[in-house]
Amino acid sequence: MEKISAVIEARMTSTRLPGKHMMLAKGKPMIGYLINRLKEVPSLDNIVMATTINSTDEPLVQVSKNMGISYFRGSENNVMSRVIGSAESVFTDIIVSITGDCPLIDPVIIEQAIQTYRHNDCDYVNNAFIPGYPGGMNVQVYSLESLKKSSQMTSDRLDLEHVTSHILRNPSIFKHIYMVAPSDLTYPDLSLELDEKSDYEIIKKIIEHFDSNELFSCKEIIDLLTQYPEWIAMNHHVIRKGFE
C-alpha cells in the first residue's frame, strides 16, 4: 500500500498578513485548526509542516512538535524542493498538498480527493481548477514521483515557487482529473482563505459561532453564511492570487 501524507505549505512572512498562521481564534492558532482537520482524514499516514529554514518560522516548528506532526525546513523561495524534501522526510509516495491558508478545509473533501486519485488512472487531482467549492477548500493530490519528474523538467522561478504550475500546464505529460463540486457545495464566490485581515475576521467569527464543534463541515459553513450575507461581504474586496 502506498504511503499517503499531507504536506502543509506554510511560512510566517506572508507579504499581505505576516504571522497569519499564528493568529488566534478561541485561544488556538489558525494553523492548529488546519492540523486538527487533517488528523480527521482517514487515509492520511502522516502530516508534514513544510516550512522554511528562516528563524521567523520557528513558531510553526513548535506547533508541529506540540501537535505531534512532522515538519521539514527548506528553501523559502524554492517551494517545490521544500515539498519534495517534506515528502521524502516521511518516506511518502502520495502527496496531499494543502496550503496553510486553509484553516477551515473539510476533511471529507480531502478524503474524496484522495480516493479519486487512488481509484483512477491519473497523476494529478485538483478540486479547484473548475470553480465550484468555496475558496479555502483547495486540495491537490499527486505522487512524489510525478513532482520529481516535474522538477527535472523546469527551472522556471514561478514553477519553483508555485509547486504544481508546471504539472498544471502539461496535461499531456501528467494525467489530470479535476473534481467538480456537488451542487450543495457549489459556492465559488465564497472566500475562506486566510490572506488578509478581513479573512481572519470572518474565519474567526465562523469558528466562534460553532463554539465547541471544531469539525463543522463545508456545508455547515455555507448554510451559516447564507444566513449572514454581511459576513460574506467582509472579505469580498480581497483579490486572490489564484490556486497554487
Side-chain angles (χ1 to χ4, degrees), residues 1-11 34-35 37-39 41-51 69-72 74-75 77-102 105-133 135-181 193 241-244:
M1 184 72 71
E2 292 181 306
K3 193 172 184 181
I4 303 173
S5 299
V7 176
I8 306 170
E9 300 167 28
R11 61 188 177 92
L34 171 56
I35 292 169
R37 285 171 171 265
L38 290 173
K39 286 181 177 181
V41 180
S43 291
L44 288 179
D45 298 301
N46 279 293
I47 303 169
V48 189
M49 182 77 71
T51 193
I69 68 167
S70 302
Y71 66 90
F72 178 85
S75 169
N77 297 319
N78 190 342
V79 189
M80 182 185 282
S81 71
R82 196 196 321 160
V83 171
I84 289 172
S86 298
E88 290 178 333
S89 72
V90 292
F91 307 100
T92 203
D93 302 293
I94 307 302
I95 296 169
V96 179
S97 182
I98 309 288
T99 68
D101 303 336
C102 301
I105 194 166
D106 191 326
V108 173
I109 294 174
I110 299 173
E111 181 66 17
Q112 289 170 345
I114 294 171
Q115 294 304 324
T116 299
Y117 179 89
R118 291 179 67 181
H119 294 287
N120 289 277
D121 179 19
C122 67
D123 300 304
Y124 174 76
V125 170
N126 174 317
N127 79 336
F129 188 82
I130 299 174
Y133 291 102
M137 297 293 156
N138 310 339
V139 57
Q140 303 173 93
V141 185
Y142 48 87
S143 69
L144 174 59
E145 180 182 356
S146 291
L147 188 59
K148 285 183 172 180
K149 180 178 179 179
S150 174
S151 72
Q152 292 166 0
M153 298 176 71
T154 182
S155 58
D156 187 290
R157 180 183 60 81
L158 288 176
D159 289 337
L160 302 183
E161 180 183 355
H162 304 286
V163 180
T164 57
S165 61
H166 177 262
I167 292 176
L168 272 167
R169 291 200 315 275
N170 290 278
S172 62
I173 301 172
F174 304 96
K175 297 179 184 177
H176 294 182
I177 289 181
Y178 305 129
M179 292 175 61
V180 177
E193 302 101 324
K241 292 182 178 180
F243 185 58
E244 302 174 3

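Between the side chain of Asn138 and the main chain of Cys102, no donor-acceptor pair closer than 3.5 Å is present. Judged by distance alone, the side chain of Asn170 and the main-chain N or O of Ile173 form no donor-acceptor pair under 3.5 Å. Of the possible polar contacts, none joining the Thr99 side chain to the Glu9 backbone as a donor-acceptor pair under 3.5 Å is found.
In this structure, Lys3 is not positioned above the aromatic face of Phe91 in the sense of NZ or CZ being under 6.0 Å from the six-membered ring centre and within 45° of the axis.
Two residues are said to be in side-chain contact when any heavy atoms from C-beta on lie closer than 4.5 Å; Val141 and Thr116 fail this criterion. Two residues are said to be in side-chain contact when any heavy atoms from C-beta on lie closer than 4.5 Å; Tyr133 and Met179 meet this criterion. A heavy-atom distance below 4.5 Å is not found between the side chains of Asn126 and Tyr142. At least one side-chain heavy atom of Ile35 sits under 4.5 Å from a side-chain heavy atom of Ile8. Residues Ser75 and Arg82 fail the side-chain proximity criterion, which asks for heavy atoms closer than 4.5 Å. Contact of the Val108 side chain with the Glu111 side chain is not registered, since no non-hydrogen atoms from C-beta on lie closer than 4.5 Å. Counting heavy atoms from C-beta outward, Ile4 and Val96 have side chains that approach closer than 4.5 Å. Two residues are said to be in side-chain contact when any heavy atoms from C-beta on lie closer than 4.5 Å; Asp121 and Lys175 meet this criterion.
When every heavy atom of Ser143 is checked against every heavy atom of Tyr117, the shortest pair comes out as CB-OH, 3.4 Å. Of all non-hydrogen atoms in Ile114 and Ser43, the two that sit nearest each other are CG2-CB, 3.9 Å. Across all their heavy atoms, Ser70 and Val90 have their closest contact at OG-CG1, 3.7 Å.
Crowding of Glu145 atom CD: a count of heavy atoms from other residues, nucleotides or ligands under 6.0 Å not exceeding 12. Atom OH of Tyr71 has 12 or fewer heavy atoms from other residues, nucleotides or ligands within 6.0 Å.
Looking at Asp45 and Ser5, their side chains never bring a donor and an acceptor atom within 3.5 Å of each other.
Each of Ile84, Asp93, Val83 was compared with Leu144 under the side-chain contact (heavy atoms from CB on, under 4.5 Å) criterion, and only Ile84 meets it.
How far NZ of Lys149 is from OG1 of Thr154: 14.0 Å, rounded to the nearest 0.5 Å. In this structure, Gln140 CD and Ile95 CD1 are separated by 10.5 Å, a value rounded to the nearest 0.5 Å. Separating the CE atom in Met1 from the CZ atom in Arg118 is a distance of 5.0 Å, to the nearest 0.5 Å.
Among residues two or more places apart in sequence or in another chain, the side chain to side chain donor-acceptor pair (under 3.5 Å) test is passed with Arg11 by Thr13, Glu76.
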Quiz item: Hey, mind stepping through Ile167 and Asp123 against side chain to side chain contact (heavy atoms under 4.5 Å, CB included) and telling me if it holds?
Solution: CA-CA 9 Å; Ile167 292 176; Asp123 300 304; over 6 Å; no

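Ring-plane geometry between Phe174 and His166 is classed as perpendicular, the angle between the planes exceeding 60 degrees on a 0 to 90 degree scale with a lower cut at 30.
The existence of a salt bridge linking Arg169 and Asp159 is confirmed by a sub-4.0 Å separation between a basic side-chain nitrogen and an acidic carboxylate oxygen.
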